Structures are given as structure tokens and as C-alpha cells.
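As C-alpha cells, the structure follows; a few thoughts come after it.
Quick note on labels: first sequence line is chain A, next is B, and so on, each numbered from 1. Just so it is clear, the model here is predicted, and its values are computed rather than measured. Reckoned from all heavy atoms, side chains included, excluding hydrogens, waters and symmetry mates.
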There are 2 protein chains.
Amino acid sequence: MRQAPAAFQRGHDHDQCVHDALNAAIVHCRQEGTRLTPLRRKVLQAVWRSHVPLGAYEICDALVAHGERVLPPTIYRALEFLENNGLVHRMASRNAFIGCNQPGAHHHGRYLICSACGLVAELPAGDNMDRFIAEAHALNFEARSVRVEAVGLCAACAAGGDSGP
Amino acid sequence: MRQAPAAFQRGHDHDQCVHDALNAAIVHCRQEGTRLTPLRRKVLQAVWRSHVPLGAYEICDALVAHGERVLPPTIYRALEFLENNGLVHRMASRNAFIGCNQPGAHHHGRYLICSACGLVAELPAGDNMDRFIAEAHALNFEARSVRVEAVGLCAACAAGGDSGP
DNA sequence: AGACAAAATGTTACATTGTTGCAATTCTTT
DNA sequence: AAAGAATTGCAACAATGTAACATTTTGTCT
């Protein structure tokens with residue numbers, strides 16, 4: 001059996017995850033010439049600090065808890081920037097956002113969402129994604145963005161029967 | 001080149017589509033022992049009459065236009081029934097519902113959504129869906145529901161050259 | 001540095017989408 | 001017909017997302 005995706009591993013050093021993600025984002029934006037402003041950084045940080053996808057209003061709350069007063073339009077604008085730059089992904093089935101650990105504008109994504117604990121793992125686009133796009137192409141459909149959201153049970157929740165960490 | 005999915009074919013007899021879908025739903029519910037009440041039938045009909053996915057409030061409007069006064073909670077309950085019975089699907093990326101022409105509780109679905117005209121085609125679950133589920137399983141994730149939503153251009157819109165909403 | 005233009009953020013108000021809780025009705029079963 | 005379950009109606013509300021415009025910050029040019 002292969003190793004579980006990082007997001008499903010309990011007990012990892014999440015502060016380190018957040019730290020690494022922020023650094024990667026800073027480097028990425030410098031390379032791209034885009035501006036990861038303090039606000040955008042705080043929003044990205046809030047998203048990363050959570051183990052589960054955060055809704056826009058939850059991000060508001062998280063920032064308020066850190067002493068920042070930020071209102072919805074500002075959050076949505078920051079999220080738009082972050083998503084356009086491939087730093088966060090929107091989980092359509094949950095109206096929530098999760099950090100992406102492979103910065104860069106992604107049009108395709110595959111996610112495993114645990115229905116018990118809410119954790120999300122992002123899988124790299126693989127062969128079957130290519131095959132799907134080819135299949136669509138054979139039907140004369142030009143796929144520009146393909147999102148796969150699988151809901152189920154992660155190993156820990158399937159074993160424990162609990163509802164997560 | 002294979003044939004385009006029915007939903008992308010212009011000029012088909014859509015009244016017939018709706019009629020057939022309603023009949024199939026009636027048969028399906030009779031077989032399953034579930035109750036396709038007049039209200040649920042009207043909601044299903046409204047969904048089918050539209051070529052593009054309809055939001056819950058658009059369904060309200062459509063029913064009002066047909067002289068039926070129905071409020072959101074009622075719509076959502078009807079949609080819940082219809083979705084549980086595999087008669088409609090919710091497009092998460094659009095907060096909207098589309099009719100399913102293969103009644104039965106589906107946990108998996110693959111959709112091609114044209115960003116220009118909004119038409120949606122449902123593809124049958126195929127090999128690559130199975131492969132994805134197997135891939136998730138190899139990661140110790142038990143996928144119970146897999147939804148693939150591909151946004152792009154259908155043949156007609158690609159030919160027309162517009163880029164849509 | 002100073003002035004200007006562009007980008008980003010703040011703020012108010014509002015639009016859309018979805019839910020809760022309870023009352024009234026309808027259907028099924030006995 | 002009567003009891004119980006399922007369905008629908010309804011009012012109020014919660015959650016999510018956006019438009020429009022004011023203000024501030026940043027980058028660039030002289």
C-alpha cells in the first residue's frame with residue numbers, strides 16, 4: 001500500500017506545513033511578479049492553518065480572532081487572487097477553500113474529501129485525468145478545467161469509526 | 001469522431017426529452033416504491049424543461065410562471081427527494097440542478113459543462129472513473145461519491161468563437 | 001522628492017442561496 | 001373512521017456572495 005496523502009497524516013508538524021506553504025507562495029509570487037500583499041498573506045495563512053477547507057466567512061472569523069478586522073468583499077478579492085495564482089483551491093461541493101501546495105495556476109484538480117473529519121487531500125493530476133480530457137475531446141468538447149471531488153472516508157476515520165481529529 | 005452527447009445537439013425535440021424523462025421517472029419511482037408526488041413531478045419537469053442547469057430559485061420562478069406558487073423550502077425538499085432517487089443531479093460548481101436520464105441513486109457522475117452556452121452533458125461512469133476510485137483506494141481512501149465537473153467549450157460554441165460567461 | 005496613474009483595500013448596502021421550526025394537509029394503514 | 005407517517009405550506013432567518021463607490025497604498029515618471 002502506498003503512503004497516505006500528507007493531509008491525512010495525523011500528528012504532522014502543521015506549523016511547519018503553514019510556514020513552508022507561505023514561503024513557497026512568497027517565492028512563487030516573486031517569480032511571477034504578482035503581489036502577495038500582507039492581507040493576501042494573512043488570508044492564505046488562515047486557509048493553511050486550518051486542517052479542513054474554510055468558508056469565506058470562517059476566514060473572516062479566523063482573521064478577527066487574530067485581531068484583524070476584514071470584511072467579506074475583501075476576503076473574496078483576496079481569495080480570487082490566491083485562486084488565480086494557484087495558491088488556494090475552491091471546493092465547489094463545500095463552498096470552502098483549501099491551500100494548494102503546488103503553486104501555479106491550476107485548471108485541473110483532484111481531491112479526496114473525508115466526509116467524517118473533513119480533511120482534504122489533493123492528488124496530482126494523473127493519467128486518468130488525461131484520459132478523461134481525451135474522452136471529452138473525442139466528443140468534441142474542449143475541457144479547460146476539470147475538477148474531481150471524491151467524498152468518502154479516509155483511512156483513520158474508516159478505522160476509528162470516529163468523526164475525525 | 002464519436003457522436004456528441006444528446007444535450008449538446010441542437011434542434012432535438014426537447015418536449016419529447018421532457019416527456020420521456022418524466023415517464024422514466026414515474027416508472028422508476030413505481031418500481032422503487034417511492035412517491036413521485038405532483039409537486040415533485042412539477043419540479044422535475046421544470047428542471048427538464050430547461051436546457052441548462054436551474055438554480056432552486058429559478059425553479060421557483062419557473063413554477064410561478066406556470067401558475068404554481070411554491071416557496072424555497074418546498075423546492076429544496078423536492079430536489080432532495082429527486083436527487084436521492086437519482087432523478088436530478090446538483091452541479092456543485094454552479095449551485096444548480098440538471099435532470100438525470102438514467103434514474104437510480106448515483107453516487108458518481110461525470111459532466112461536461114459548456115462555459116459559453118451553459119449546456120451540460122452527463123457522461124456515463126467509465127473506466128477512468130474506476131481507475132480513479134482504485135487509485136484512491138490504494139491511498140487507503142474509500143471513495144463513496146465521485147463527481148467530475150469539466151468546464152470548457154462544446155463543439156457548437158467552439159465553432160462559434162464566443163467565450164461565454 | 002512630487003505628481004500622477006494603477007492597484008489594492010475599506011465600507012455600505014444589497015442580492016442570492018439555503019435552512020429551521022412549526023402548522024396544516026394529505027396519504028396510508030388499520 | 002381514526003391514528004400515524006409522510007408531505008407540503010409558511011414565516012422567519014442564516015449563510016454565502018456581490019455591486020458600487022470611497023479611500024488608501026503602491027509603483028512610475030519626471
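- In this structure, CD1 of A:I75 is placed 16 Å from P of C:dA8, rounded to the nearest angstrom.
- Nucleic acid contact class of A:T37 (heavy atoms, under 4.0 Å, all strands): sugar-phosphate only.
- If you take CG of A:L63 and P of C:dG10, they are 11 Å apart, rounded to a whole angstrom.
- Rounded to the nearest 0.5 Å, atoms CG (B:D130) and CD (B:E135) are 12.5 Å apart.
- Here the side chains of A:F132 and B:L112 are in contact, with some heavy-atom distance below 4.5 Å.
- Among the heavy atoms of the strands lying under 4.0 Å from B:L39 are primed sugar atoms or P, OP1, OP2 only; no base atom is included.
- The pair A:E83-A:R90 fails the salt-bridge criterion, with no side-chain N (NZ, NE, NH1 or NH2) lying under 4.0 Å from an Asp/Glu carboxylate O.
- A:Y57 qualifies as a stacking partner of the D:dT16 base, centre to centre under 5.5 Å and near-parallel within 30°.
- Contact check, A:N95 against D:dG17: a side-chain N or O comes under 4.0 Å of OP1 or OP2.
- The aromatic rings of B:Y76 and B:Y57 lie perpendicular to each other, with more than 60° between the two planes, well past the 30° mark.
- C:dA7 atom P lies 18 Å from atom CG of A:L36, rounded to whole Å.
- Residue A:R41 contributes atom CZ, which lies 11 Å from atom P of C:dT9 at whole-angstrom precision.
- You'll find that the side chain of A:R69 is closest to C:dT12, out of C:dT12, C:dG10, D:dT8.
- Whole-Å rounding puts the B:L71 CG to C:dT19 C1' distance at 14 Å.
- When rounded to the nearest whole Å, the span between CD of B:E80 and P of C:dT17 equals 19 Å.
- The side chain of A:R35 approaches D:dG27 more closely than any other nucleotide in the set D:dG27, D:dT8, C:dT11.
- In this structure, the CG atom of B:L54 is 15 Å from the P atom of C:dT16, given to the nearest Å.
- Both B:A78 and A:G55 lie close to DNA chain D; mapped to their nearest nucleotides by heavy-atom distance, the more 5′-ward contact belongs to B:A78.
- For the helix from C:dA1-D:dT30 to C:dT30-D:dA1, the angle separating the two terminal helix axes comes to 30°, with each axis derived from five pairs and the value rounded to 10°.
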- [ ] List the steps, then state whether ring pair (Phe, Tyr, Trp, His ring centres under 6.0 Å) holds for B:F97 with B:H89.
- [x] CA-CA 6 Å; B:F97 298 83; B:H89 292 302; over 10 Å; no
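- Here D:dG17 is the nucleotide among C:dT11, D:dG17, C:dT19 with the atom lying nearest to any side-chain atom of A:A56.
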Open item on the list: Would A:E32 and A:N85 count as a side-chain hydrogen bond (donor to acceptor under 3.5 Å, both in side chains) here? Give the steps.
Closed with: CA-CA 9 Å; A:E32 297 290 318; A:N85 287 274; over 6 Å; no
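- Side-chain nitrogen and oxygen atoms of B:T74 include none within less than 4.0 Å of the OP1 or OP2 phosphate oxygen of D:dT8.
- Judged by distance alone with a 3.5 Å cut-off, a donor-acceptor contact links the side chain of B:R77 to the base of D:dG9.
- The 12-atom threshold is exceeded at NE2 of B:H14, counting heavy atoms of other residues, nucleotides or ligands nearer than 6.0 Å.
- Of all nucleotides listed (C:dT9, D:dT8, D:dT16), D:dT16 comes nearest to the side chain of A:Y76.
- The residue B:R90 sits close only to the backbone: its heavy atoms come under 4.0 Å of sugar-phosphate atoms, none of a base.
- Between A:E149 and A:R110, no side-chain nitrogen of the basic residue sits less than 4.0 Å from a carboxylate oxygen of the acidic one, so the salt-bridge criterion is not met.
- Here the P atom of nucleotide C:dT9 and the CD1 atom of A:I59 are 14 Å apart, to the nearest Å.
- For B:P73, whose side chain is taken as the heavy atoms from C-beta onward, the closest listed nucleotide among D:dA19, C:dA8, C:dT19 is C:dT19.
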